Amino acid sequence: LTWLKNSMLIKDETEHPLVRIKESTKIVKFLYLRYHYTIFDGVTVITQNLYDYFSTVIKIEKPVIIVPMMVDVERFSDSLDRPNETIVFSGALDDQKEGVSNLIKAFSIVVRKHKDLKLNLYGKATNAIQEAKYIELISALGITDKVMFFGYKTRDEMTSIYSKGKVFAFTRPPSLQATYGFSTKLGEYLATGKPVVATKSGEIEKYLQDYKNAYLCEPEPESIAKKLCEILDNYVLALSIGNEVRKC
């Protein structure tokens with residue numbers, strides 16, 4: 001259609017292409033990386049790492065432009081000054097991509113001190129086996145009444161949920177997806193002006209600084225728990241740090 005109309009066709013890439021075709025055969029991967037991108041007049045990417053990959057590894061002979069993740073800050077202008085006693089996580093309930101088990105283990109440490117706190121998980125497990133493992137882990141840690149599963153919600157519902165959250169958790173471990181992508185979910189967390197705990201993965205440290213505009217940690221339960229406790233022990237300071245992002 002773009003050829004018939006003499007218009008441009010741009011491919012927008014927000015993650016490494018092998019994330020999308022990881023289950024494919026070697027020949028399919030080869031043909032995809034070799035020929036797929038020749039169809040387009042240019043490619044926009046979300047990170048410097050993706051830019052470097054397309055420019056130096058695939059070496060496509062088309063323009064590659066970095067378009068960083070963007071979020072409508074005004075969408076979260078109604079965040080409550082007195083939020084609920086909740087840590088909020090949204091996304092796929094998956095360990096390889098999101099490190100959910102590490103978050104649950106970290107929460108089990110934090111809730112010993114902050115007994116009114118709850119962990120609200122918005123999303124679905126990748127399969128029934130994974131879901132059962134989370135339920136078993138939560139039961140073994142003795143926090144069944146503290147961890148809530150809500151499934152996926154609409155965009156408008158999540159806006160309201162974010163406005164009421166106290167702390168946001170981004171516990172993504174190192175992976176191909178984390179290295180080359182940048183989560184739009186993390187951008188939404190930050191846009192609320194609330195404190196965010198984020199693991200040091202991908203290009204996060206290019207944009208966020210520990211104790212300046214976020215709380216950065218390692219993708220391990222003890223490190224995550226330490227940062228969560230720092231936020232909850234001095235929430236006034238944590239709010240001021242969270243608000244730094246909205247000033248950018």
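This structure is a prediction, so every number in the text was calculated from the model and none was measured.
Crowding of L4 atom CG: a count of heavy atoms from other residues, nucleotides or ligands under 6.0 Å exceeding 12.
Taking all atoms of both residues into account, the shortest heavy-atom contact from M69 to I46 is N-CG1, 3.7 Å. When every heavy atom of A198 is checked against every heavy atom of I204, the shortest pair comes out as CB-CD1, 4.5 Å. Contact between E98 and P173 at its shortest, heavy atoms only, is C-CD, 3.7 Å. Contact detail for V100 and A92: the closest heavy-atom pair is CG2-O, 4.0 Å.
No continuous path of ILVMFWY side-chain contacts below 4.5 Å connects Y53 to F30, so the two sit in separate hydrophobic clusters.
If you check the side chains of Y32 and R20, you find a donor sitting under 3.5 Å from an acceptor. Side-chain atoms of S101 and D95 form a donor-acceptor pair, as typed in the model, at a separation below 3.5 Å. Side-chain contact annotation: D233 with H114, donor-acceptor N/O pair under 3.5 Å present. A side-chain donor-acceptor contact under 3.5 Å links T44 and D12. A donor-acceptor pair shorter than 3.5 Å cannot be found between the side chains of Y189 and S183.
Here the side chains of Y134 and L121 are not in contact, with every heavy-atom distance at 4.5 Å or above. Side-chain contact between Q48 and I66 is present, with at least one heavy-atom pair separated by less than 4.5 Å. Side-chain contact between F107 and K105 is absent, with no heavy atoms from C-beta onward closer than 4.5 Å.
Between F54 and the choices Y180, F40, Y37, the ring-ring contact (aromatic ring centres under 6.0 Å, His included) rule is met once, by Y37.
Between E23 and K29 there is no salt bridge, since no side-chain nitrogen of the basic residue lies less than 4.0 Å from a carboxylate oxygen of the acidic one. Between K185 and E188 no salt bridge is recorded (no basic side-chain N to carboxylate O distance below 4.0 Å). One finds a salt bridge joining E218 and K200 here, because a Lys/Arg side-chain nitrogen approaches an Asp/Glu carboxylate oxygen to under 4.0 Å. The residues K118 and D145 are annotated as not salt-bridged, no charged nitrogen and carboxylate oxygen being separated by less than 4.0 angstrom. For the pair K226 and E222, the salt-bridge criterion is not met [side-chain N within less than 4.0 Å of a carboxylate O]. Ion pairing of K11 with D41 is absent here, as no side-chain N (NZ or NE/NH1/NH2) approaches a carboxylate O to less than 4.0 Å.
Applying the side-chain contact (heavy atoms from CB on, under 4.5 Å) test to K22 and every residue at least two apart in sequence or in another chain returns nothing.
Side-chain atoms of T159 come within 3.5 Å of backbone atoms of R155 as a donor-acceptor pair (strictly under, hydrogens ignored). Under the 3.5 Å distance criterion, the side-chain polar atoms of N213 are left unmatched by any main-chain donor or acceptor of L208.
Using a 30° and 60° split on the angle between ring planes, Y207 and F182 fall in the perpendicular class, above 60°.
Taken from CD1 in I143 to CG in L141, the straight-line distance is 5.0 Å, to the nearest 0.5 Å.
A side chain to side chain donor-acceptor pair (under 3.5 Å) check over residues 59-74, counting only residues at least two apart or in different chains, returns nothing.
Cation-pi geometry between K166 and Y235 is met: under 6.0 angstrom from the ring centre, within 45 degrees of the axis.
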